[in-house]
Amino acid sequence: MIRLNDITDKVQSYLPDADIEVISTAYVFSAKVHQGQTRLSGEPYLTHPLEVAYILGELTMDVPSVATGLLHDTVEDTLATMKEIEEIFGPEISYLVDGVTKISRMSFSNTEERQAENFRKMIIAMAKDIRVLLIKLSDRLHNMRTIQFLPLERREAVAQETMDIYAPLANRLGIGWIKAELEDLAFKTLKPEIYQEISDRLESKRSEIDKYSKGVLSIIEEEIKKNKIEAQLQGRVKHLYGIYSKMKAQEIGFEEVYDKIAFRIIVESLKDCYGTLGIIHSLWKPVPGRFKDFIAMPKPNMYQSLHTTVIGPYGERIEVQIRTEEMHKIAQKGIAAHWRYKEGKDGIKKQDAKSYDWLQRLIEWQQDLKDPSEFLKTVKVDLFPEEVYVFTPKGEVKAFPKGATPIDFAYGIHTDVGNKCVGAKVNGKLVPIRHQLVNGDVVEILTGGKQKPSKDWLRMVVTSKAKQKIKHWLINEQKERSVTFGKEILDKEFRKFGLSFQKHMHSQKMKSAIESLKTKDLEDLISKVANARISPQQIIEFFVPKEEIKETEQQSVEEPAKKKQRLKKEGKAGGVLIKGVDDIMTKFAKCCNPVPGDRIIGFITRGRGVTIHTADCPNVIDLSTERLVDVQWDISQEQNYNAKIMVICENKKGLLASIALAIANSEANISEGFLRTTDDNKARCEFELQIKNLEHLKRVIRSVEKERDVISVHRIT
């Protein structure tokens, strides 16, 4: 258990002239007001503020921060008041205590709002003093260290919040060790079995890893000494969540994680950093693409170091980090390492404003947001690089995953806006609907009354909401089309027997048909007729005697034969058989280009024979049902049919030739081709092909899809 002397000794180790009396007074006050209180672990409650204060000492924080660590829960969990805190400790500590005091006394409509309001208060506090956030992180770290005493449901919620918010915040502030510990503790809570498995496997290899680590370090040390460079050498096993993340991201097993050990070399000067890098690369072969110079280009959280991966002893890949002592201090303590103290006092000099631009942006954003949950999104967007943060023309904030397009944005506003999206203006300029949004874009959606979603949109969107809404619209459209087409078929069939389908739709006999044919309702029955899963005759049997059905069917066979006498006789053509007719002129509809394998239907034209459509062709719905005839493919004939495909690809030299070769290798001929490029450097290629059947067409499409830089291929109907 941490004691007061541990804290004061820690502070005096980096602040010899610190006013320790303030910390002692804070300890006495906290002990007094928390007297009799215990934690869920059964320990005296005072152990928590003591631990928090010690963590702040490890971060080399100033006296007011450490004192606040001892006092941070007094106002929330005891009878102490802010007025007392200010009277005893002054306005600075009072302000810090207020900034980290939990706001549990307020009422909230939901958990997300409460969480968002906490962050609103915390970020506002950072506008004047970032120490509030560092104290809050220290508080969360100790709570995570004792999380096992919470009830399971609460434990998982706190761990998830830690993983989503606090660990990324620690990373954003550059405090690597707090980030790693928070991630491991949250990982252990959320996925205990996986955590334990990785931990056990690491432990089983502990002696092997230690032996390997010592061997590598001795080789490096010997070579560095030869070059007269003073250095500290460290070898450490990566934290468990880091190993798990790599396994998950690369879809590999534990044994395939090659860099479980990271080696660190701390040298005296910038010159020695690059000199040591040369030594490492002379010892072992570097892995291409695995060298990163964070000294020349520091991370946003001020982290600096050289990173390289080399093929070390026994062919094992090892990661080496090289930095100076000052860089190491920043890597360990992040923003906390930048505190500078006035000589002989505990006051803090003004912080470098540029280092905290990201905090200032958050502060400005939150001031314009009334919805707490929206503010939480802005925090997450800034913490996670895989999200983008954009604005409506009125300045409203919207957060989207990386790769989001104007269509995602449109559906984020309203479903109707998404369904009617024809284009967008980004920062005042027209862009294609597949344009990818970036942070800070101002997006205006353009809509059109005749616009409808298409299947292509599903390839352009990344948000689940947009995908769901597009799929829902497409399913409904298909369903409406099927119902309309099915009604036409049944209406025609009923009229053959002098009946009205409309009048019998809700009859008892129809209910019997629905039940007997195992359909959910009338709409489902009609759809299945349209999709040829139920024949019209199966339904007619519930309304007409079988003898009458046979008689009428015989007449229906003879009727087309009479009709064909009025048509120009040119013999059987096109590989299509018309029920009851031997020789009649046929042609394929240009609107749908049917090929063998498609379900088809014929339409008798005046003086031009029969036009063959696919059964689900939208144009069939508008045709007179009196002139529709049953047709089928003549599989005894083998001939070529026309089919069109659309290929969308990157606009790269030689790609068109590769696509043409892929088509030729699939034994298909190109009759006609058309190509145009788009504003986003893509090419849209339309080909008319000669193919044998639907399976042949699918084979051609699969062949073209395999070509590099081809984005999508689909049939045009």
Side-chain angles (χ1 to χ4, degrees), residues 1-37 39 44-106 118 121-143 335-336 339-351:
M1 175 179 163
I2 297 295
R3 300 184 183 279
L4 176 61
N5 287 345
D6 299 322
I7 298 168
T8 54
D9 288 348
K10 173 67 75 174
V11 173
Q12 285 182 316
S13 70
Y14 60 86
L15 276 179
D17 299 325
D19 185 0
I20 298 302
E21 189 62 32
V22 175
I23 297 175
S24 298
T25 305
Y27 168 75
V28 172
F29 183 88
S30 185
K32 179 183 175 182
V33 297
H34 284 300
Q35 188 174 10
Q37 292 181 346
R39 305 196 84 214
Y45 193 89
L46 188 62
T47 58
H48 173 62
L50 282 166
E51 293 279 359
V52 172
Y54 188 79
I55 292 168
L56 290 164
E58 290 182 299
L59 290 171
T60 64
M61 294 299 293
D62 62 341
V63 168
S65 298
V66 176
T68 301
L70 290 164
L71 299 167
H72 74 279
D73 275 342
T74 54
V75 174
E76 179 193 358
D77 294 336
T78 75
L79 298 176
T81 65
M82 286 307 307
K83 185 178 179 182
E84 282 182 90
I85 299 290
E86 186 166 358
E87 286 175 355
I88 299 170
F89 299 99
E92 184 179 10
I93 291 177
S94 172
Y95 176 80
L96 293 176
V97 171
D98 184 53
V100 293
T101 296
K102 298 173 184 175
I103 46 179
S104 56
R105 293 177 185 173
M106 297 184 183
N118 271 295
K121 188 176 181 73
M122 185 169 56
I123 301 298
I124 291 172
M126 286 193 297
K128 294 180 180 178
D129 205 321
I130 199 172
R131 289 176 293 178
V132 170
L133 179 53
L134 297 169
I135 297 164
K136 188 77 175 177
L137 277 173
S138 302
D139 172 45
R140 176 50 63 107
L141 179 58
H142 183 250
N143 281 331
I335 282 178
W339 296 117
R340 292 294 179 264
Y341 306 99
K342 296 177 183 176
E343 195 171 334
K345 296 182 180 180
D346 297 324
I348 303 164
K349 287 185 179 180
K350 188 177 180 182
Q351 301 153 4

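Being a predicted model, the structure only gives us computed values, none of them experimental.
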How long is the gap from [atom1] on [X] to [atom2] on [Y], to the nearest 0.5 Å?
{"X": "T47", "Y": "M1", "atom1": "OG1", "atom2": "CE", "result": "6.0 Å"}
{"X": "L15", "Y": "M61", "atom1": "CG", "atom2": "CE", "result": "10.5 Å"}
{"X": "D62", "Y": "D19", "atom1": "CG", "atom2": "CG", "result": "12.0 Å"}

Any sub-3.5 Å donor-acceptor pair from [X]'s side-chain atoms to [Y]'s backbone N or O?
{"X": "T25", "Y": "E21", "value": "yes"}
{"X": "Q37", "Y": "D77", "value": "yes"}
{"X": "S30", "Y": "Y27", "value": "no"}
{"X": "E86", "Y": "K83", "value": "no"}

Show me the donor-acceptor pairs within less than 3.5 Å that the side chains of residues 50-58 make with the rest of the protein, sequence neighbours left out.
none

Exercise answer: donor-acceptor pairs, residues 4-12 side-chain atoms, under 3.5 Å, sequence neighbours excluded:
from	atom 1	to	atom 2	distance (Å)
D6	OD2	R3	N	2.9
T8	OG1	L4	O	3.3
T8	OG1	N5	O	3.1

> So, for H34 and D73, which heavy atoms are closest and what is the spacing to 0.1 Å?
Replying inline: CE1-O, 3.9 Å

>> Show the nearest heavy-atom pair for residues P44 and R39, with the distance to one decimal.
In response: O-CG, 4.1 Å

Using side-chain heavy atoms (C-beta onward) and a distance below 4.5 Å, is [X] in contact with [Y]?
{"X": "L137", "Y": "L59", "result": "no"}
{"X": "L141", "Y": "S138", "result": "no"}
{"X": "H48", "Y": "D139", "result": "yes"}
{"X": "T68", "Y": "R131", "result": "no"}

>> Walk me through whether V132 and L96 qualify under side chain to side chain contact (heavy atoms under 4.5 Å, CB included).
In response: CA-CA 6 Å; V132 170; L96 293 176; 3.9 Å; yes

>> Which residues pass the ring-ring contact (aromatic ring centres under 6.0 Å, His included) test with F29, not counting sequence neighbours?
In response: F89

